[in-house]
Amino acid sequence: MLRTNSCGELRKEHIGAEVTLSGWVNRRRDHGGLIFIDLRDREGIVQTVFNPEIAPAAAKAAGDLRSEYVIKVVGKVALRPAGTENAKIPTGDIEVIVKELEILNTSKTPPFYINEEIEVDESLRLKYRYLDLRRPRMKENLLLRHRVVKFMHDYLDARGFTEVETPIFVKSTPEGARDYLVPSRVHPGQFYGLPQSPQQLKQLLMVGGLEKYYQMARCFRDEDLRADRQPEHTQLDCEMSFVSREDVLQLIEELYSSLANTLKPELKVIKPFPRLTYADVMAKYASDKPDLRYGLEVADITDIAGKTEFKVFKTVIANGGVVRVINAPGCGEYTKKQLDELNQLATSAGAKGLLTISLGTKGGSLNDLAQDMVKSVAAKFMTLEQIKEMAGRCKANKGDLLLIIAGELEKIYPALDTLRREIARSLKLADPHVLAFLFIIDFPLITRSKETGRWEAVNNPFTHPSDEDIPLLDSAPDKVHGKNYDLACNGLEIASGSIRIHRTPLQRKIFKVLGYSDENVEKLFGHMLEAFDYGAPPHGGFGAGIDRTMMILTGEDNIRDVMAFPKNQSATDLTFGAPSPVSEEQLKELHIKLREE
RNA sequence: GGCCCCGUGGUGUAGCGGUCUAACAUGCCACCCUGUCACGGUGGAGAUCGGGGGUUCAAAUCCCCCCGGGGUCGCCA
């Protein structure tokens with residue numbers, strides 16, 4: 001027997017028990033005579049004591065132990081002598097007096113600390129991921145991830161959902177992201193595509209009468225990586241028949257709030273989740289996934305700006321542009337350098353420039369503000385009254401800093417969003433103990449493509465248009481809203497879904513508006529349309545990102561820290577060294593000849 | 001592909017033209033140490049400063065190119 005107990009579970013009630021423990025040497029304190037070994041397993045750490053007077057052989061052997069050796073000890077749980085308790089660890093009241101020691105395996109000195117929470121170069125962590133996983137942070141993240149997924153399974157099972165697996169080798173379509181491809185050995189020159197999501201499959205499951213389906217679905221996208229994006233990620237994929245948007249939103253809200261309350265009770269969830277239309281979030285937060293843990297709302301001051309003598313404003317407005325402001329509270333005394341940095345940030349996010357107006361020093365109210373307290377390159381082109389009016393729009397006070405961006409509406413959103421995040425970050429406005437969920441609804445269904453100038457689906461072509469907007473499909477497709485919805489939290493998009501089209505004529509109509517030829521529709525979506533013809537029920541659902549869910553629950557700002565074996569930014573797996581070349585024989589079997597670049 | 005940031009003993013950092021024959025902490029090795037818990041003490045090994053080129057009397061330090069890593073835009077639900 002290798003163990004009777006885990007290291008981490010031992011408490012006062014185990015005193016007197018003879019236990020066998022196995023684990024890793026977390027730390028060794030060799031006093032010459034007495035040797036203390038902190039023994040670590042998944043559940044925690046316990047102090048073991050080697051006393052040459054009690055067990056001479058074991059004590060002698062313990063002198064050779066080094067960090068990360070794997071050992072088995074047999075000993076007795078004892079109360080620690082008075083005054084030597086360690087309040088920092090849960091097992092700190094007791095210790096194990098060792099009688100026998102067996103070294104199960106030795107270890108080389110690890111390339112980085114496992115027993116200390118020190119920031120280590122991430123490439124090194126990824127190369128030795130199996131060592132990184134021993135560290136408390138990664139271990140806790142993976143254990144929590146398991147409980148989150150388990151909670152979702154239980155939650156949905158209790159509500160009558162059935163988990164159905166869908167294939168990983170599916171058909172490649174030109175829609176959406178770039179597909180990962182798998183060459184077919186049996187069919188020369190042909191390829192499978194890996195699913196970007198099981199979208200069509202789950203709709204067909206609804207046609208198949210499953211009614212309530214879910215799956216922990218692996219999704220693949222061959223696009224560049226980001227802090228919250230990996231080439232493969234896991235989605236809680238869910239679909240229901242005979243539901244309205246309201247039913248789906250209720251389910252998501254219940255699932256996420258009970259999940260957070262159960263597994264992370266120390267985090268505060270604001271209920272009910274606010275629902276904002278896409279138009280609202282863009283106007284107030286310049287983002288479709290705003291962090292609502294802080295205000296810093298964007299205000300429109302186009303009208304006031306138009307009355308000033310500031311030429312930049314006049315030109316922008318004359319060209320149909322707008323002027324927006326964000327208040328940076330208490331930043332009125334920012335230095336030239338700090339203002340330059342904000343400017344830099346705004347311009348690199350696509351703004352033509354950033355106008356700052358410093359509202360003097362803290363103390364007193366906006367009414368006390370005098371012209372000579374105002375600092376801005378544009379100060380002489382506007383009256384004190386105009387400045388106060390702008391300040392009032394964004395609830396600014398004396399001592400604050402107005403950040404103003406002028407330009408074409410669509411083009412200034414990124415800069416406003418960037419500034420809002422930056423101010424919140426530097427002022428530490430986002431409470432790490434709050435989960436600020438919100439639903440975004442009433443997205444536009446169809447938009448004009450920037451590159452091709454053609455109409456394209458904002459979400460996917462299966463999203464049901466809002467009933468009242470259906471008549472607009474011919475006259476003004478861009479005015480049509482969809483029955484889709486997003487769940488965002490703390491600045492991340494967490495889930496996304498919609499009520500789908502379930503009748504062929506409407507689906508054909510959408511394809512027509514999107515400019516698909518009849519021939520293409522048959523080729524790409526014929527199987528879907530045919531399925532709808534056989535009594536497809538009304539249905540809708542969502543896909544929720546498990547990895548991003550883990551990010552908000554753990555507070556990690558990088559998706560790699562909630563995955564066991566993630567890829568780095570260049571999509572390589574540093575543990576295995578994938579991707580890698582393959583043999584000529586393998587290529588030949590797949591009928592593949594490499595191209596000269 | 002564009003922009004920004006980073007690369008110094010095993011690890012984390014300091015040094016930012018000369019006093020660097022590269023410092024500190026920790027880890028590692030040896031010896032000492034019977035109540036520590038980031039144990040303590042003494043001694044020791046360990047770095048061609050990511051690579052290449054250039055500027056200079058002199059480069060870890062300045063410039064250029066390359067490589068690697070991260071963030072971001074494009075791309076992507």
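The model shown is predicted, which means the values in this text are computed figures rather than measured ones. Residue numbers start from 1 in every chain, and the chains themselves are labelled A, B, ... in the order their sequence lines are given, proteins ahead of strands.
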Using atom [atom1] in both nucleotides, what's the gap between [N] and [M] to the nearest angstrom?
N	M	atom1	answer
B/U26	B/G40	P	8 Å
B/U19	B/A59	C1'	16 Å
B/C62	B/A47	P	24 Å
B/U13	B/C76	P	36 Å
B/G27	B/C39	C1'	16 Å
B/A45	B/C29	C1'	7 Å

hbond_proxy A/R28 side chain to B/C39 base (donor-acceptor, 3.5 Å cutoff):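 No such pair is found, so the answer is no.
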So, does the side chain of A/R229 form a donor-acceptor pair with the base of B/C76 at under 3.5 Å?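 Result: at least one qualifying N/O pair found.
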Under a 3.5 Å cutoff, is there a donor and acceptor pairing between the side chains of [X] and [Y]?
X	Y	result
A/D237	A/Y213	yes
A/S496	A/D486	yes
A/D469	A/H481	yes

Under 4.0 Å between any heavy atoms, over every strand shown, what does [X] touch: base, sugar-phosphate, or nothing? Just pick one.
X	value
A/R560	sugar-phosphate
A/G545	nothing
A/D222	nothing
A/N115	nothing
A/E95	base
A/L124	sugar-phosphate
A/R66	sugar-phosphate

Looking at A/D228, A/D547, A/N141, which one forms a side chain to side chain contact (heavy atoms under 4.5 Å, CB included) with A/E556?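 The residue from A/D228, A/D547, A/N141 that satisfies side chain to side chain contact (heavy atoms under 4.5 Å, CB included) with A/E556 turns out to be A/N141.
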Are A/E122 and A/R560 within salt-bridge range, i.e. N to O under 4.0 Å?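 A salt bridge links A/E122 with A/R560.
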Are OP1 or OP2 of [N] and a side-chain N or O of [X] less than 4.0 angstrom apart?
X	N	answer
A/N568	B/G69	yes
A/K88	B/A38	yes
A/S197	B/A77	no
A/Q47	B/U36	no
A/Q344	B/C4	no
A/R226	B/C73	yes
A/R29	B/U36	no
A/R27	B/C39	yes

Pairwise 5' ranking along RNA chain B for A/P110 and A/S123, keeping only the more 5' one: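 Its nearest nucleotide being more 5', the pick is A/P110.
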Centre-to-centre under 6.0 Å for A/F36 and A/F50, is that the case here?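 No.
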Look at the rings of A/Y516 and A/F511 and say which category their plane angle falls in: under 30° parallel, 30 to 60° tilted, over 60° perpendicular.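 If you compare the ring of A/Y516 with that of A/F511, the planes turn out perpendicular.
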Selected nucleotide, minimal atom distance to A/Y113 side chain, candidates B/U34, B/G27, B/G35: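 Of the candidates, B/G27 comes closest.
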Looking at the side chain of A/S570, which of B/G70, B/C33, B/G35 is the nearest nucleotide?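 Given the options B/G70, B/C33, B/G35, the side chain of A/S570 is closest to B/G70.
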Paired with B/A23 by Watson-Crick or G-U wobble geometry, both distances under 3.5 Å: which nucleotide is it?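 Check on B/A23: paired to B/U13, both distances under 3.5 Å.
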Applying the 5.5 Å / 30° rule, does A/H31 stack onto the base of B/U36?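 A stacking contact does not exist, since A/H31 is not both close and nearly parallel to the base ring of B/U36.
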Under 5.5 Å between ring centres and under 30° between planes: true for A/F112 and the base of B/U11?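 No, A/F112 does not stack on the base of B/U11.
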